[in-house]
Visitor: 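Below you will find the structure I want to go over with you.
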Amino acid sequence: MQNTESARQKMAPQKSKKPTGKQSARRWRKRKVMDQIAKWIVHAGGSLIIASVAGLLLLFIIVIWPLWQDTKVGQLQEITPENMAKANKNIIAISADEYEKVAHILTSDGAITFYNFEVNEQLAGANLAFDNDEKITSSWRANNAQSFAIGTNQGRVFHYSIHFNTRYNDGQRSYHPTVDITDPIAISANGEHLNEIAVGPTEEGGLIVAAISEAGHILFYGKHESEDSFFDEGEETESYGLIDDLPAKPQHIQFGEGGLSIFISLENGQILKYKIDDLTTPDLVDAIQASERQITVLGFLLGQRSLVVGTQSGDLSIWFEAFDPDGSGPRKLRKAHTFTKHASPIISFSSSQRNRTFLAGSEDGVLSIQHATNERLLWQDKISPNPLKLLTMTPKNTGILIVDSKNSIFHLPMDNPHPEASFSSFFSKIWYEGYSKPEYIWQSSGGSDDFEPKLSLIPLIFGTFKGTFYALLFALPIAILSAIYVSQFMHWSVKNFVKPSMEIMAALPSVVIGFIGGLWLAPRIQPILPGVIAAMILVPAVAVFFSFLWRKLPDSFQRSFPAGSETFILAPLVLLTGYLCITGSHFLESSLFAGDFQHWLNSTAQVSYDQRNAFVVGLVMGFAVIPIIFTIAEDALSNVPRSLSAASLALGATPWQTAWYIVLPTASPGIFSAAMIGLGRAVGETMIVLMATGNTPVMDWNIFNGFRTLSANIAVEIPEAPMGGTLFRTLFFAALLLFGMTFIVNTGAELVRQRVQKKYGKL
Amino acid sequence: MANYKKEFKRKQGSGGVWIWLTALSTTFGLIMIAGLLLLIFINGFGIFWPSNLQQFNLKNGEVYLGEVWEKDAVNSDSKTEEAQRLRLKIANRDIYGLDFKWIDESDIESTTEPDSALFLERMAWGQFYGFAQKLTFNDATVASGAVQIKAVLSTYLSEVNLVLDQIHHIEKVEIEDISYKTHALQLQQKRLQIKADLSAAEELHLAKLSGDLDELQTQFAETESRLITLREEVDQYKLEMLAASGESRIVRLADVVRWFQPNEMNVFEKTGIYLARLWEFLSDSPREANMEGGVLPAIFGTVMMVFIMSLAVVPLGVLAAIYLHEYAKQGIFVRLLRIAVNNLAGVPSIVYGIFGLGFFVYIIGGSIDQLFFSESLPNPTYGTGGILWASLTLALLTVPVVIVTAEEGLAAVPSSVREGSLALGATKFETLWRVILPSASPSIFTGLILAVARAAGEVAPLMVTGVVKLAPSLPIDGYFPYIHLERKFMHLGFHIYDVGFQSPNVEAALPMVYATTLLLIFIVVTLNLSAVFLRKRLQQRFAVTNL
């Protein structure tokens with residue numbers, strides 16, 4: 001112990017000083033204090049480890065918690081402007097700005113009012129220029145609540161859009177709302193009463209309007225502005241259309257995506273779809289019986305693809321166009337979701353401008369907030385004793401404006417940041433918009449704002465298990481068999497070289513292994529696949545054959561090789577067989593698989609081939625976990641007391657019998673533990689799967705397809721996930737799942753290890 | 001007796017097959033390891049060697065000059081004859097678009113190795129393989145023809161490099177200095193502007209600040225004009241190059257990194273070039289979207305990250321180990337602690353990464369920004385990924401390694417030593433500090449090395465907590481406070497992933513990836529070997545002590 005000696009030497013000069021009693025007492029006190037401080041620090045250090053594990057879990061829970069929070073709704077507040085309440089004006093349309101301070105209100109006299117209900121102040125507005133006796137008979141509101149239209153009893157349509165124009169001065173918000181009113185459109189040549197109107201989404205400058213006339217016909221008006229050319233300003237062309245052969249009285253109309261089609265609900269509960277590429281000749285393409293009862297509400301969710309249907313009986317359902325469940329047939333309207341029904345007829349509806357949430361209001365004054373994708377009822381309550389006439393969700397989904405039949409306006413604050421997250425969206429099959437049947441799909445983001453996020457974790461969990469399965473399929477036999485060999489049959493001098501080199505392999509960065517797998521192995525294995533598969537069968541076969549040959553050789557020759565040289569005798573054989581298989585791959589391909597293995601896979605075996613696939617991952621990830629399993633298994637096997645194997649050998653068992661029947665069963669818990677730790681590593685491995693698979697979240701066991709694991713998914717998507725958003729929290733949830741999996745596996749392995757320790761302690 | 005012997009032999013033999021099979025697995029494992037290392041060694045070391053440039057005249061009249069990278073049997077339908085094809089690196093990305101070309105051997109008319117073939121390494125667009133035609137200065141021809149140019153090119157290049165050094169100095173020192181000062185003044189200005197009521201002195205200071213800023217602005221304009229003059233001067237040197245296929249390109253001498261004519265060089269000259277390119281790889285910054293140049297910033301980032309991590313992981317790990325082994329009473333808490341340590345060791349690295357993002361970056365970093373850097377908000381300072389957060393995340397990831405190894409070391413100190421010290425009147429802390437820790441220090445060091453080796457190779461958690469493909473500045477520079485822990489950094493492991501999988505031209509980038517891989521493996525394996533070596537020394541030492 002040189003160190004203690006040197007320490008003593010350092011203390012030596014102090015000793016020679018001969019301290020007085022007082023000094024010595026002081027020094028002793030000081031030493032005591034030091035000792036105490038050190039004790040605290042060490043305890044703190046120990047606790048810090050527990051704290052970090054607890055903190056890890058706590059952070060995940062804090063981040064994930066909001067995903068499961070129920071929709072919170074604030075205090076309902078009546079905000080009807082006084083003068084409006086006095087005049088008892090009939091409210092036709094309503095919307096609010098994104099900060100929920102200003103409401104836009106359209107009343108039946110054609111007055112467009114902006115009203116700041118926070119400070120009770122009326123802002124500048126505008127008026128629609130009605131003729132004498134002209135009255136509003138129908139209204140329409142765009143999904144983004146920025147453009148509105150009304151139809152009158154004289155067959156005219158007024159269309160206008162609003163802008164709140166928020167400005168900031170010295171940190172104060174001020175509003176300068178403006179209204180753009182287009183010239184009235186005389187959609188009905190003979191001035192018919194318009195029962196219902198709709199305005200379609202069109203490209204810049206164009207306009208498309210449909211109306212239901214008193215006579216039960218559908219009238220169309222379209223305006224198209226040709227591109228500006230150098231010489232003239234661009235020409236406006238107007239067109240008109242008509243549907244007058246409906247089987248029953250039409251009640252509601254809605255334009256489909258891009259204004260290329262129109263959906264009409266009839267009195268008898270039918271919904272018809274017409275193609276209107278050319279307004280002058282509408283073309284019936286689809287007709288379904290959506291309900292036995294009268295349809296009272298027909299509206300689109302964000303994206304204009306999902307049709308919400310509310311009925312007289314209070315039923316709510318969503319329909320969209322999809323193929324048959326087997327993926328065939330023309331796309332037809334199909335009922336995809338049904339929702340918690342209301343007790344009385346649904347009379348109002350509003351969809352969110354940000355996600356798939358929508359509101360439904362009924363005649364008994366009940367409001368429900370629902371989420372379309374996972375069919376979840378987020379909130380439901382009675383708002384007013386009167387029927388709820390109008391509903392609107394504010395642009396940021398933070399509040400709702402409600403108008404009842406007595407023209408009272410209510411404001412309801414709402415906190416609902418993650419409606420799309422739920423156990424069912426993470427773990428059940430969900431019928432997503434446009435799909436032919438409910439499916440597990442992970443697709444967190446899309447090209448457009450109206451994208452429906454698909455957050456099923458099942459494909460990712462599946463991918464994790466698929467990768468782990470193929471990796472262990474390859475790694476377990478090799479690692480455990482070679483652990484047996486190295487611990488039982490190999491000469492110690494060779495073992496001293498083999499074991500550390502395996503251990504160093506365990507330290508190889510996974511990014512290196514992933515790179516080799518993805519960029520070197522994957523493209524090289526593709527053309528010689530038959531040869532590789534052949535080698536996997538032939539190499540062991542050749543080794544077995546060789547072992548029989550070896551037995552035939554004279555004993556003296558065998559003995560000239562020390563124990564454990566089998567490995568090196570086999571090396572050239574393995575290399576030669578492998579080489580022959582790979583060069584013979586061509587021959588195999590042409591003789592067995594008609595010249596092209598991949599073509600054969602595709603056509604005959606009906607299996608697709610990705611270049612970066614589970615086979616490659618199995619090889620390289622297996623390569624990464626082999627050293628880990630090997631090291632622990634080898635330790636377990638070496639730790640089996642010598643006395644056991646010696647006794648077995650002494651009783652006449654062969655070395656193999658001893659290894660197989662005595663050593664292996666004794667060490668089996670340790671080997672199990674090794675396998676579990678290898679499994680844990682494979683489950684959480686990120687870089688290898690990221691680099692050596694295509695990262696497509698598909699679900700099938702095909703070994704020649706790619707997959708996406710939980711870990712790779714986190715690595716790929718977290719940089720693009722805005723903090724605090726649903727995707728961000730969902731990825732934390734995925735990480736927690738991963739943590740949970742490895743926690744179970746590792747704790748299991750640890751418990752087994754402790755048991756083994758006890759057992760060997762006894763032996 | 002004979003029967004028995006026969007029986008014995010049969011039994012031996014039947015087990016023999018199994019033994020051979022287990023041996024086969026070992027063989028397989030060893031071959032894979034050796035193969036992988038060999039693959040990386042050959043590819044990693046080979047890329048700097050200047051191979052000869054061969055000119056291929058094809059039967060259809062096309063001519064290509066390039067290096068032969070590999071030969072391959074064609075997957076042709078004609079099963080009768082094994083046709084060979086060559087993979088040729090033809091470089092000249094700006095002419096051909098691709099760096100590589102496959103040529104069927106049957107299409108080749110003739111092959112030559114022209115002596116005058118020039119290998120030109122450029123700042124942009126990669127290499128140019130071709131022939132020097134004309135060297136011009138101020139649009140006047142100075143030299144023409146390969147021989148003449150070769151004679152004078154070095155002199156002109158050194159002239160150009162003198163000017164380039166000046167440009168570099170202006171760019172990297174003067175302008176950076178001005179922009180740093182400007183930024184600092186702007187922040188001061190903003191801080192004062194945010195403040196509600198200013199004192200008279202502060203008003204004055206604010207006025208002075210804007211004056212200073214104006215002055216810096218003029219200084220900047222002046223420096224920039226000097227820079228432009230120098231650039232114009234350097235742009236006058238031009239080299240006209242002719243590709244084998246007939247196109248010509250004008251290369252500014254300022255863009256020339258290196259030139260040589262491999263076909264007329266002997267082995268020693270080539271070795272010189274080899275070493276120069278190897279040195280460039282180790283000591284230079286990357287170019288061309290990280291596909292060329294060096295990896296110095298990545299080496300620097302890796303080393304610095306590992307260093308900061310060590311500062312965090314050693315105290316934490318050693319304290320925990322001391323607690324476990326010296327202080328704690330065996331009980332439920334210790335069992336919990338051991339399970340915690342074991343689980344920390346098994347948690348996937350990406351989970352640590354996302355924890356680092358949520359905890360260090362957003363919670364801690366966000367709070368630091370609110371408290372100390374409010375003037376630069378909404379631009380985050382610490383509230384975004386950076387080298388400090390990445391290091392701390394990795395410290396958490398590697399702490400179990402240190403705990404386990406340090407505890408082994410503590411356990412190896414014989415209890416007689418411990419008891420002796422206590423019996424002589426030392427307190428527990430003194431025993432620990434002067435007796436136990438010195439004896440256990442080699443194993444603590446071993447633990448640190450293993451932790452460093454693990455951290456150097458981890459990539460996934462870094463991708464989340466602050467590694468970038470190209471960091472604009474190193475985390476250490478000459479400006480206060482000199483060490484910038486909030487900065488993003490480059491890392492060798494991420495470099496491999498990024499260049500290999502995210503670069504626009506993966507094929508041309510592969511050599512770079514191999515070289516980086518080799519470097520990373522070299523670092524990791526060296527660290528691990530030294531840990532193994534240290535541990536062995538340790539075992540021997542204690543074996544002696546115990547006697």
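Residue numbers start from 1 in every chain, and the chains themselves are labelled A, B, ... in the order their sequence lines are given, proteins ahead of strands.
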Visitor: Is it the backbone or the side chain of A:Ile50 that comes under 4.5 Å from a heavy atom of chain B, or both, or neither?
Guide: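 For A:Ile50, heavy atoms of backbone and side chain both lie under 4.5 Å from chain B.
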Visitor: Which region of A:Phe587, side chain (C-beta onward) or backbone (N, CA, C, O), has a non-hydrogen atom less than 4.5 Å from a non-hydrogen atom of chain B, or is it both or neither?
Guide: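 Neither the backbone nor the side chain of A:Phe587 comes within 4.5 Å of chain B.
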Visitor: With a 4.5 angstrom heavy-atom cut-off, is it the side chain or the backbone of B:Phe28 that approaches chain A, or both, or neither?
Guide: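 The side chain, not the backbone.
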Visitor: Answer with side chain, backbone, both or neither: which region of B:Leu520 has an atom nearer than 4.5 Å to a non-hydrogen atom of chain A?
Guide: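 B:Leu520 touches chain A through side-chain heavy atoms alone.
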Visitor: Relative to chain B, which segment of A:Ile626 carries a heavy atom at a distance below 4.5 Å: side chain, backbone, both, or neither?
Guide: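 Side chain of A:Ile626 only, per the 4.5 Å heavy-atom cut-off to chain B.
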Visitor: Contact part of B:Leu450 toward chain A, heavy-atom cut-off under 4.5 Å: side chain, backbone, both or neither?
Guide: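 Neither part.
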Visitor: Look at atom CZ of B:Phe333 and say whether more than 12 heavy atoms of other residues, nucleotides or ligands are closer to it than 6.0 Å.
Guide: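 For B:Phe333, atom CZ is crowded (more than 12 foreign heavy atoms under 6.0 Å).
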Visitor: When you compare the side chains of A:Glu750 and A:Thr747, does any donor N or O come within less than 3.5 Å of an acceptor on the partner?
Guide: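 Their side chains do not contain a donor-acceptor pair, so the 3.5 Å distance test is not met.
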Visitor: Who are the salt bridge (Lys or Arg N to Asp or Glu O under 4.0 Å) partners of A:Arg681, not counting sequence neighbours?
Guide: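 Listed in chain order: A:Glu685.
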Visitor: So which of A:Leu59, A:Asn746, A:Val53, A:Thr686 has the largest heavy-atom pair count under 4.5 angstrom toward chain B?
Guide: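 The option with the most such pairs is A:Leu59.
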Visitor: Given a strict heavy-atom distance threshold of 4.5 Å, which part of A:Met741 is in contact with chain B: side chain, backbone, both, or neither?
Guide: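 A:Met741 has no heavy atom closer than 4.5 Å to chain B.
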Visitor: Please determine, among A:Ile677, A:Ile714, A:Ile37, A:Ile478, the option with the most heavy-atom pairs under 4.5 Å with chain B.
Guide: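 Heavy-atom pairs under 4.5 Å are most numerous for A:Ile478.
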Visitor: Which one, A:Phe623, A:Phe568, A:Phe739, A:Phe60, leads in non-hydrogen pairs under 4.5 Å with chain B?
Guide: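 Looking at each of A:Phe623, A:Phe568, A:Phe739, A:Phe60 in turn, A:Phe623 comes out on top.
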Visitor: Flag this pair as yes if the NZ/CZ of B:Lys428 is under 6.0 angstrom from the six-membered ring centre of B:Tyr327 and inside a 45 degree cone about the axis; otherwise no.
Guide: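 Yes, a cation-pi geometry holds between B:Lys428 and B:Tyr327.
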Visitor: Which one of B:Ile363, B:Ile521, B:Val399 has the most heavy-atom pairs closer than 4.5 Å to chain A?
Guide: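 Looking at each of B:Ile363, B:Ile521, B:Val399 in turn, B:Ile521 comes out on top.
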Visitor: Measure across B:Leu527 and B:Ile449 and return the closest heavy-atom pair with its distance rounded to 0.1 Å.
Guide: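 It is O-CG2, 2.9 Å.
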Visitor: Strictly by modelled atom types, are B:Ser421 and B:Thr431 linked by a side-chain donor-acceptor pair under 3.5 Å?
Guide: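 Their side chains do contain a donor-acceptor pair, which is all the 3.5 Å distance test asks for.
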Visitor: Heavy-atom pairs under 4.5 Å with chain A - which of B:Ile496, B:Leu337, B:Ile322, B:Leu21 has more of them than the others?
Guide: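 The option with the most such pairs is B:Leu337.
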Visitor: How are the rings of B:Tyr514 and A:Phe515 set relative to one another: parallel (under 30°), tilted (30 to 60°) or perpendicular (over 60°)?
Guide: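 Perpendicular: the ring planes of B:Tyr514 and A:Phe515 meet at over 60°.
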Visitor: Please verify the inter-ring angle class for B:Trp18 with A:Trp660; under 30° counts as parallel, over 60° as perpendicular, anything in between as tilted.
Guide: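 It falls in the parallel class, under 30°.
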Visitor: Do the side chain of A:Glu503 and the main chain of A:Pro500 share a donor and acceptor less than 3.5 angstrom apart?
Guide: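 Not at all, since once roles are kept as given, no pair shorter than 3.5 Å links the two residues.
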Visitor: Answer with side chain, backbone, both or neither: which region of A:Phe743 has an atom nearer than 4.5 Å to a non-hydrogen atom of chain B?
Guide: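 Both backbone and side chain.
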Visitor: Do A:Glu566 and A:Tyr485 pair up side chain to side chain, a donor and an acceptor below 3.5 Å, judged on atom types alone?
Guide: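 Their side chains do contain a donor-acceptor pair, which is all the 3.5 Å distance test asks for.
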Visitor: Could you have a look at B:Arg454, B:Arg338, B:Met463, B:Glu326 and say which one has the most heavy-atom pairs with chain A under 4.5 angstrom?
Guide: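 Most heavy-atom pairs under 4.5 Å with chain A: B:Met463.
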Visitor: Give the C-alpha distance, both sets of side-chain angles, the deciding distance and a yes or no for side-chain contact (heavy atoms from CB on, under 4.5 Å) between A:Met490 and A:Thr567.
Guide: CA-CA 9 Å; A:Met490 197 172 245; A:Thr567 302; 3.8 Å; yes
Visitor: Among B:Asn528, B:Ile40, B:Thr517, B:Val318, which residue forms the greatest number of heavy-atom pairs with chain A at distances under 4.5 Å?
Guide: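 Heavy-atom pair counts peak at B:Thr517.
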Visitor: Among A:Leu751, A:Leu56, A:Thr742, A:Val745, which residue forms the greatest number of heavy-atom pairs with chain B at distances under 4.5 Å?
Guide: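 Of A:Leu751, A:Leu56, A:Thr742, A:Val745, A:Leu56 has the most heavy-atom pairs under 4.5 Å with chain B.
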Visitor: Sort B:Leu324 into side chain, backbone, both or neither according to what part of it lies under 4.5 angstrom from a heavy atom of chain A.
Guide: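 The answer is neither part of B:Leu324.
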Visitor: Below 4.5 Å from any heavy atom of chain A, which atoms of B:Val334 appear? Answer side chain, backbone, both or neither.
Guide: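 No part of B:Val334 comes within 4.5 Å of chain A.
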Visitor: Select one option (side chain, backbone, both, neither) describing which atoms of B:Leu24 are under 4.5 Å from chain A's heavy atoms.
Guide: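 Interface part for B:Leu24: both.
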Visitor: Students often mix this up, so state it plainly: with edges at 30° and 60°, are the rings of B:Phe355 and B:Phe359 parallel, tilted or perpendicular?
Guide: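 Rings of B:Phe355 and B:Phe359: parallel, as their planes differ by under 30°.
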Visitor: Only distances under 3.5 Å count here; give the side-chain donor-acceptor pairs of residues 40-49 of chain A to other protein atoms, sequence neighbours excluded, each with its distance to 0.1 Å.
Guide:
{"unit_1": "A:His43", "atom_1": "ND1", "unit_2": "A:Lys39", "atom_2": "O", "d": "2.9"}
{"unit_1": "A:Ser47", "atom_1": "OG", "unit_2": "A:His43", "atom_2": "O", "d": "2.7"}

Visitor: Who among A:Gly680, A:Pro540, A:Ala479, A:Pro719 has the most heavy-atom pairs with chain B under 4.5 Å?
Guide: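 When all of A:Gly680, A:Pro540, A:Ala479, A:Pro719 are compared, A:Pro540 has the most.
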Visitor: Taking all atoms of both residues into account, what is the closest heavy-atom pair of B:His491 and B:Ala455, and its distance?
Guide: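 Closest approach of B:His491 to B:Ala455: NE2-O, 4.1 Å.
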Visitor: With chain A as the partner, which of B:Ile33, B:Leu30, B:Leu37 has the greatest number of non-hydrogen pairs under 4.5 Å?
Guide: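 Heavy-atom pair counts peak at B:Ile33.
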Visitor: Taking the six-membered ring for Trp, are A:Trp550 and A:Phe546 parallel (under 30°), tilted (30 to 60°) or perpendicular (over 60°)?
Guide: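 Tilted.
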Visitor: Let me know if A:Met505 has heavy atoms under 4.5 Å from chain B in its side chain, its backbone, both or neither.
Guide: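 Contact with chain B involves the side chain of A:Met505 alone.
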Visitor: Heavy-atom cut-off 4.5 Å, strictly under: side chain, backbone, both or neither for A:Val574 against chain B?
Guide: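 Just the side chain, heavy atoms under 4.5 Å.
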Visitor: Tell me which of these, B:Asn43, B:Ile350, B:Val524, B:Thr516, has more heavy-atom pairs under 4.5 Å with chain A than the rest.
Guide: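 Heavy-atom pair counts peak at B:Ile350.
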Visitor: Side chain, backbone, both or neither: which part of A:Phe630 has a non-hydrogen atom closer than 4.5 Å to chain B?
Guide: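 The answer is neither part of A:Phe630.
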Visitor: Which bit of B:Ala453 is near chain A, if near means a heavy-atom gap under 4.5 Å: side chain, backbone, both or neither?
Guide: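 B:Ala453 has no heavy atom closer than 4.5 Å to chain A.
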Visitor: For B:Ile403, is it the side chain, the backbone, both or neither that has a heavy atom under 4.5 Å from a heavy atom of chain A?
Guide: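 Contact with chain A is through the side chain of B:Ile403 alone.
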Visitor: Can you tell me which residue among A:Lys32, A:Lys30, A:Arg31 is in a salt bridge (Lys or Arg N to Asp or Glu O under 4.0 Å) with B:Glu430?
Guide: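 Result: among A:Lys32, A:Lys30, A:Arg31, A:Arg31 is the only option passing the salt bridge (Lys or Arg N to Asp or Glu O under 4.0 Å) with B:Glu430.
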